[in-house]
Structure formats: C-alpha cells, structure tokens
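Only one structure is covered here, and it is reproduced in the block below.
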Amino acid sequence: MLQEDIFKKLTAHCKEYGFIFQSSEIYDGLSAVYDYGQYGVELKNNIKKYWWDAMVLLNDDIVGLDSAIFMHPDVWKASGHVDAFNDPLIDNRDSKKRYRADVLIEEFLEKLSEKINKEVAKAARRFGEEFDEAMFRKTNARILDLNQRLESVRMRFVEASEKGDLDGIRQLIIDCEIADPVSGSRNWTEVRQFNLMFDTRVGSVSEDANTIYLRPETAQGIFVNFMNVQKSGRMKLPFGIAQIGKAFRNEIVARQFIFRMREFEQMEMQFFIRPGEEKQWYEYWKDKRMKWHKALGFSESKYRFHDHVKLAHYADAATDIEFDFPFGFKEVEGIHSRTDYDLSQHQKFCGKKLQYFDNELNKSYVPYVVETSIGLDRMFLTVLAASWKEEKITKANGQEDERVVLQLPPLLAPVKLAVFPLVKKDGLPEISQKIRDDLRFDFACQYEEKDSIGRRYRRQDAIGTPFCITIDHQTREDETVTIRYRDTMEQERVPVGKLREIISEKVSIKKVLEKLY
RNA sequence: GCGGGAAUAGCUCAGUGGUAGAGCAUCAGCUUCCCAAGCUGAGGGUCGAGGGUUCGAUCCCCUUUUCCCGCUCCA
C-alpha cells in the first residue's frame with residue numbers, strides 16, 4: 001500500500017473511532033486546530049504519564065512545574081520571540097517565491113544609494129584632483145533627483161512601517177517598480193503580516209488594555225521560575241524542571257493533520273548544569289531520550305537522529321529525534337544545548353540575578369541548559385502511525401478476511417480490557433458485569449453485550465484494546481474465563497481470580513520504565 | 001500564501017435542471033456457545049456556506065470555508 005494511502009486511512013480511522021476530530025467541525029472547522037475525542041484523550045493522557053514518570057518520578061534531580069500560558073510581555077522580548085518573528089511577507093505570483101516586503105524595499109533603497117555613489121565615483125574620475133564631492137552632491141541634477149527619490153521612498157517606508165500599513169508597503173513596492181530578483185516579474189500578492197505569536201488583551205476595558213501573548217513555547221515558563229524552584233526545592237546543580245503544557249504558534253502553513261497545529265502541546269524538560277559540562281549532558285540526554293522512544297517496542301529502524309548543522313541563535317549543539325512517518329522522517333523531539341543564553345537574557349531584562357552559587361567551585365554563575373522538548377501531538381501521531389495495521393487473515397473456514405488493528409503498547413492503550421458475555425442470556429451478562437465492576441478500579445474497562453462475539457472483538461481491535469475477557473457457560477461451572485490477545489487473536493482460559501494479576505503485569509508501566517534506568 | 005483537485009446520510013460513494021439513492025454503520029426486536037457484514041423493522045440529508053441565472057438549482061455561474069496534493073516557509 002502507498003504510504004500516502006496509509007496516512008489517509010490513519011486520519012480517517014482517528015475520526016471514525018473517536019480519537020481526533022477537527023475543531024469546530026459543525027461550523028466548517030477551524031484550520032490546523034484539532035480536538036481529541038473519547039479515546040484520543042485517554043491515549044494522550046497515557047503518553048503524558050509515560051513521559052512524566054520517566055522524567056519526574058524516576059529522577060531525584062528533576063521536578064515538575066505547571067507555569068501559566070500568559071506571561072509578562074517582556075518575557076518574549078528577552079527570549080527573542082518578539083523581534084525575530086514579525087515580518088511583512090509578500091509573494092510573487094509568477095515565481096511562487098516569498099519575500100520579506102521590508103527587505104525588498106531596503107534592497108531597493110540600497111540600490112539607489114549605490115547608484116548615487118557610482119555617479120559620484122564617475123564624476124571624481126572625470127574631474128580628477130579638484131573634485132569637490134560635497135559640492136557635487138549638492139548641485140548635480142542627477143544626484144539631486146536620485147537623492148530626492150531615495151528620501152521620498154524612505155519616508156514612505158518608515159511611515160508605512162510605523163503605522164503597520166501593509167497596503168502602503170505594497171503600493172510602495174509597486175510604485176518603485178520593484179521586480180522579483182528571480183523572475184523579473186512584478187506580479188505581487190498582498191502584503192501580509194505573519195506573527196509567530198498570537199496576542200490578546202488583559203485588562204478590564206480596552207483603554208488601559210495591555211497586549212500579552214499566548215506562549216509559543218513552554219520553556220520560558222521554566223526559565224522564569226528557575227530561581228523559585230531552585231530555592232524553594234533546595235535544588236543542587238545539576239537539576240531539571242519538567243513541564244507539560246499547551247503552546248501556540250501562528251503557522252504560515254499548517255498541515256499534515258496533527259503534525260503541525262496552531263495550538264499544540266509540548267513536553268519539555270530544561271536541565272540546568274555547570275558551564276563546561278554541556279557536551280557531556282547533551283550526550284546523556286540524547287541517549288536517554290532515544291531509549292525512551294525505543295522502549296515502546298516499535299521497530300528501531302523507525303527512529304533516527306538528525307543533527308542540526310545550522311544552529312539557532314541560542315544553541316551550541318542541537319539534534320532532532322526523527323520518526324519515520326507515512327510522509328517521511330520528521331522531527332518528534334529536539335534536544336538542544338542552549339548554553340546560558342536564556343537565563344542570561346532574562347537576567348538582563350528583569351535586572352535580577354539568575355545565578356547559582358556552586359559550593360564546590362565557591363562561585364556564582366549563570367547555569368547552562370540542556371533542553372529536551374517533545375511535541376505531545378507528534379508523539380501521539382508517532383504512536384498511532386506505528387500501531388495502525390491492516391491485516392489479512394484466514395478464517396477458520398479458509399476464507400480470506402481483513403481486520404484493522406491498533407497494536408498499541410498496552411500501557412498506552414485507551415482501554416485496557418473489554419469484558420463480554422458470550423451470549424446475552426443464561427445469566428452471562430450479570431456475571432460479566434460483576435467481573436467488570438471488580439476490575440474497573442484498576443484498569444480502563446469496557447463492557448459490551450451487543451452483536452456477535454467476533455464483531456465485538458474487531459471493534460476493540462480498532463481502538464487498540466489489548467485484552468478481551470469472554471464469559472461463557474463454562475464460567476458458571478468453574479469460574480474460568482477466556483482472555484483473548486489483540487495481536488495474535490489467540491485465547492487462553494484462566495481463572496477469574498487471576499485476571500487482575502495477569503493484566504497488571506501486561507499493562508505495567510514499570511516494566512517499560514525499567515528499561516530506561 | 002500560490003497552483004491544482006475535492007466537498008451529497010456517521011462512513012464509502014452513486015445520481016439528475018423538476019420532491020434524494022445504495023452498501024456499511026446506528027437504534028429496537030429476533031437469532032447466535034468464540035473472531036464483523038443472518039432475519040425484521042426504525043431513525044437519519046434545506047446535497048459545505050452565501051449570492052446569481054432560471055418558472056424551478058444538489059446539478060450551470062461567481063464568491064467563500066474546509067480538506068487533500070505540489071510549491072513555498074519553518075526556532
């Protein structure tokens with residue numbers, strides 16, 4: 001089957017079985033925003049728990065945090081988000097290239113002043129020794145003309161920029177007859193402002209309203225709480241702060257289902273270390289995080305590292321853990337050595353010391369940071385893509401059949417077990433419900449009595465339930481039931497009293513986490 | 001954002017300028033002792049939205065929204 005078809009089927013499956021719905025679907029939907037349905041939310045919560053336990057539960061030196069989405073606007077000035085992602089963009093319809101409108105105009109201005117300089121240089125050659133440059137610039141008609149043009153364009157540009165007048169900027173590009181450097185075409189689209197960050201207003205009324213941003217990453221909430229956590233928790237370096245939370249980015253193109261969304265969830269851990277030890281901790285977390293992924297038991301060839309060659313302004317080393325999605329290898333998690341960039345920036349902007357006194361070294365310093373940052377929604381997609389199978393099976397009577405099964409790792413499955421009476425009579429439903437009522441405190445359970453037993457098995461396969469317990473007539477005699485395994489479809493007869501123990505062992509998160517430490 | 005394609009029942013799709021169809025799914029009942037698609041019955045659609053042409057539009061035209069593919073962008 002084509003990979004592309006697999007992806008289509010996977011997304012259809014997500015909707016059909018209540019994992020993911022498009023946001024506001026009854027109002028025609030909201031682009032690049034999705035809701036998690038009844039099974040989606042369970043799977044997502046299980047992924048969070050797997051991550052949280054691997055980070056916070058099992059590491060003495062990592063603690064959790066839940067910082068607010070709203071933060072002081074200066075946070076984003078310090079982090080560089082306000083300046084770095086605020087560009088007016090324009091497309092050329094013929095070349096299909098996108099440009100920063102302000103850069104096009106600046107380049108045009110640059111060209112004009114070059115022209116002036118060339119004229120001056122030409123004149124200088126012509127007049128030789130007695131050339132008076134200042135006089136020439138003041139009197140030459142050509143230069144005056146060019147200068148006037150340059151100044152008028154610059155004025156309009158500054159005015160339009162200050163007012164955020166996008167139409168004015170476009171008009172300027174047209175009036176200056178600026179052409180696409182690639183195609184020479186002047187067929188431009190509208191100018192649009194693409195801000196990375198969404199903003200909103202805080203305050204009772206608009207008159208003294210304050211613009212604040214919806215955070216584009218959770219990391220800054222950790223950085224601004226560094227001192228709080230370090231002091232109140234009496235944390236010694238090295239130590240880490242972990243956080244799971246929503247983040248928002250106004251993506252220019254958001255596509256590929258939940259891979260790139262405008263509202264998404266991150267699981268981030270910032271590990272604070274002594275300067276000079278960054279290489280060693282970077283390698284440590286690279287290794288640890290890859291183990292976390294592989295411990296789920298999917299094919300190892302689905303994962304790879306992708307080291308960044310071009311580094312962001314704050315990093316001195318960076319790598320992605322990529323997963324082989326149906327649409328190719330794509331980033332799921334990033335591990336970055338962020339140096340002391342963030343804390344230093346905040347120290348500068350807030351005017352307070354963000355330093356740690358190291359008893360061993362007997363001095364204070366701004367700690368370095370190694371970050372692990374994983375997209376929860378991308379992780380969710382990873383798990384689904386790796387689990388979704390369309391199988392051909394041969395029935396008892398020799399006929400070919402198909403089944404769709406989510407081979408989820410049991411610890412992540414939204415429903416751990418389903419309990420069925422083989423038939424809806426002879427007291428079997430009552431016995432089944434009693435068993436379910438007993439097990440529901442320990443596992444996410446379902447009870448179903450409708451439809452043929454085979455159909456019920458298939459429904460559970462489709463949502464990835466690893467175990468189905470069936471109560472038959474023999475149960476009434478010897479208190480045994482059958483347990484049917486999702487992946488092999490094989491059955492085993494076991495005593496009712498042993499169910500809890502058997503299933504606990506198989507859905508154990510401990511068994512998986514033990515592979516990590 | 002640009003270019004191309006799509007949108008009809010929960011899902012997969014058929015269909016016609018003149019009152020909207022199938023299969024599966026759902027619900028109720030029957031049947032059924034282990035791997036879906038037996039039987040009977042029922043519910044469910046202003047044919048994505050808005051406008052135009054027309055006596056009449058799900059169908060023709062325009063606009064718009066959403067999704068898919070390609071390009072582009074991406075810390």
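Small disclaimer: the values here were computed from a predicted structure and weren't measured.
- With sequence neighbours left out, the side chain to side chain donor-acceptor pair (under 3.5 Å) criterion links A:Asp35 to no other residue.
- Comparing B:rU12 with B:rA6, their C1' atoms sit 15 Å apart, to the nearest whole Å.
- Ring geometry, A:Phe325 versus A:Phe259: the interplanar angle exceeds 60°, so the pair is classed perpendicular (tilted spans 30 to 60°).
- B:rC39 and B:rU64 are spaced 48 Å apart, taking the C1' atom of each and rounding to whole Å.
- Remark: P of B:rG1 and CZ of A:Arg170 are 15 Å apart, rounded to the nearest angstrom.
- Looking at heavy-atom distances under 4.0 Å, A:Gln491 makes contact with a base.
- Considering only the side chain of A:Gln22, B:rU66 comes nearest among B:rC34, B:rU26, B:rU66.
- Put simply, CZ on A:Arg262 is 12 Å from C1' on B:rU66, counting in whole angstrom units.
- The NZ-P distance, from A:Lys330 to B:rC74, rounds to 14 Å in whole Å.
- The aromatic rings of A:Phe223 and A:His346 are tilted relative to each other, their planes meeting at an angle between 30° and 60°.
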* For RNA chain B, just give me the dot-bracket, please: Watson-Crick or G-U, both distances below 3.5 Å, ( ) intra-strand, [ ] crossing earlier pairs, | paired with another strand, . unpaired. => (((((((..((((....[..)))).(((((.......))))).....(((((..]....))))))))))))....
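- Per the geometry, OH belonging to A:Tyr17 stands 9 Å off P belonging to B:rU26, to the nearest Å.
- For B:rU53 and B:rG17, the C1' atoms lie 12 Å apart once the distance is rounded to whole Å.
- Each of A:Arg476 and A:Leu30 lies near RNA chain B, and the nucleotide nearest A:Arg476 is the one positioned closer to the 5' end.
- The side chain of A:Arg459 places an N or O atom within less than 4.0 Å of a non-bridging phosphate oxygen (OP1 or OP2) of B:rU26.
- In this structure, CZ of A:Arg260 is placed 15 Å from P of B:rC67, rounded to the nearest angstrom.
- Scanning atom types as modelled, one donor and one acceptor separated by under 3.5 angstrom connect the side chain of A:Asp472 and the base of B:rC34.
- Partners of A:Lys286 according to the side chain to side chain contact (heavy atoms under 4.5 Å, CB included) rule, which considers only residues two or more places apart in sequence or in another chain, are A:Tyr282, A:Glu283, A:Phe305, A:Asp307, A:Thr319, A:Ile335.
- By the 30° and 60° cut-offs, the orientation of the rings of A:Phe272 relative to A:Phe226 is tilted.
- For the side chain to side chain donor-acceptor pair (under 3.5 Å) condition, the pairs that include at least one residue of residues 375-387 of chain A, sequence neighbours left out, are A:Tyr36-A:Asp377.
- Here the separation of B:rU72 from B:rG3, taken at their P atoms, is 16 Å to the nearest Å.
- Sequence neighbours left out, the pairs with a member in residues 489-498 of chain A that pass salt bridge (Lys or Arg N to Asp or Glu O under 4.0 Å) are A:Asp472-A:Arg493.
- Using a 4.0 Å cut-off, some side-chain N or O of A:Lys425 falls inside it from OP1 or OP2 of B:rU32.
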* **Test side-chain contact (heavy atoms from CB on, under 4.5 Å) applied to A:Asp324 and A:Tyr303, step by step** => CA-CA 6 Å; A:Asp324 191 7; A:Tyr303 303 90; over 6 Å; no
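- Annotation for A:Ala462 and A:Phe19: closest pair O-CE1, 4.4 Å, computed over non-hydrogen atoms.
- For A:Arg500, the side chain to side chain contact (heavy atoms under 4.5 Å, CB included) criterion is met by A:Asp438, A:Leu439, A:Asp442, A:Phe443, A:Ser504, not counting sequence neighbours.
- Atom CZ of A:Phe259 and atom P of B:rC68 are 14 Å apart (whole Å).
- Taking atom P on both nucleotides, B:rG45 is separated from B:rU63 by 31 Å, rounded to a whole Å.
- Taking atom C1' in both B:rU19 and B:rG10, one finds a spacing of 25 Å when rounded to whole Å.
- Distance, A:Leu422 CG to B:rU32 C1': 9 Å, rounded to whole Å.
- A side-chain donor-acceptor contact under 3.5 Å links A:Asp316 and A:Ser337.
- Spacing of P atoms, B:rU40 relative to B:rC34, comes out at 24 Å, to the nearest Å.
- Residue pairs meeting the side chain to side chain donor-acceptor pair (under 3.5 Å) criterion with at least one member in residues 420-429 of chain A, sequence neighbours excluded, are A:Asp426-A:His473.
- Against RNA chain B, the stretch residues 480-487 of chain A makes heavy-atom approaches under 4.0 Å through A:Thr482, A:Arg484.
- A:Thr218 pairs by the side chain to side chain contact (heavy atoms under 4.5 Å, CB included) definition with A:Arg215, A:Gln243, A:Gln266, A:Glu268, not counting sequence neighbours.
- Toward the 5′ end of RNA chain B lies the nearest nucleotide of A:Thr470, the other residue of the pair A:Thr470 and A:His336 mapping further downstream.
- Summarising the geometry, atom CD1 belonging to A:Ile222 is positioned 5.0 Å from atom CD belonging to A:Gln270; distances are rounded to the nearest 0.5 Å.
- Legend: residues meeting side chain to side chain donor-acceptor pair (under 3.5 Å) with A:Gln446, ordered by chain and number and at least two apart, are A:Tyr39, A:Gln460.
- For A:Lys392 and A:Glu402, the salt-bridge test passes: some basic side-chain N is under 4.0 Å from an acidic carboxylate O.
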Distances under 3.5 Å between protein N/O atoms and the N/O atoms of nucleotides 37-43 of chain B, please, pair by pair.
unit_1: B:rA37; atom_1: N6; unit_2: A:Asp401; atom_2: OD1; d: 3.3

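- Closest to the side chain of A:Ile453, from the set B:rU26, B:rC34, B:rC33, is B:rC34.
- When the P atom is used for both B:rC30 and B:rG21, the distance is 31 Å, rounded to whole Å.
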Using a cut-off of under 3.5 Å, enumerate the N/O to N/O pairs linking the protein to nucleotides 7-13 of chain B.
unit_1: B:rC11; atom_1: OP1; unit_2: A:Lys15; atom_2: NZ; d: 2.9

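- As rounded to whole Å, 14 Å separates atom C1' of B:rC35 from atom CD of A:Glu448.
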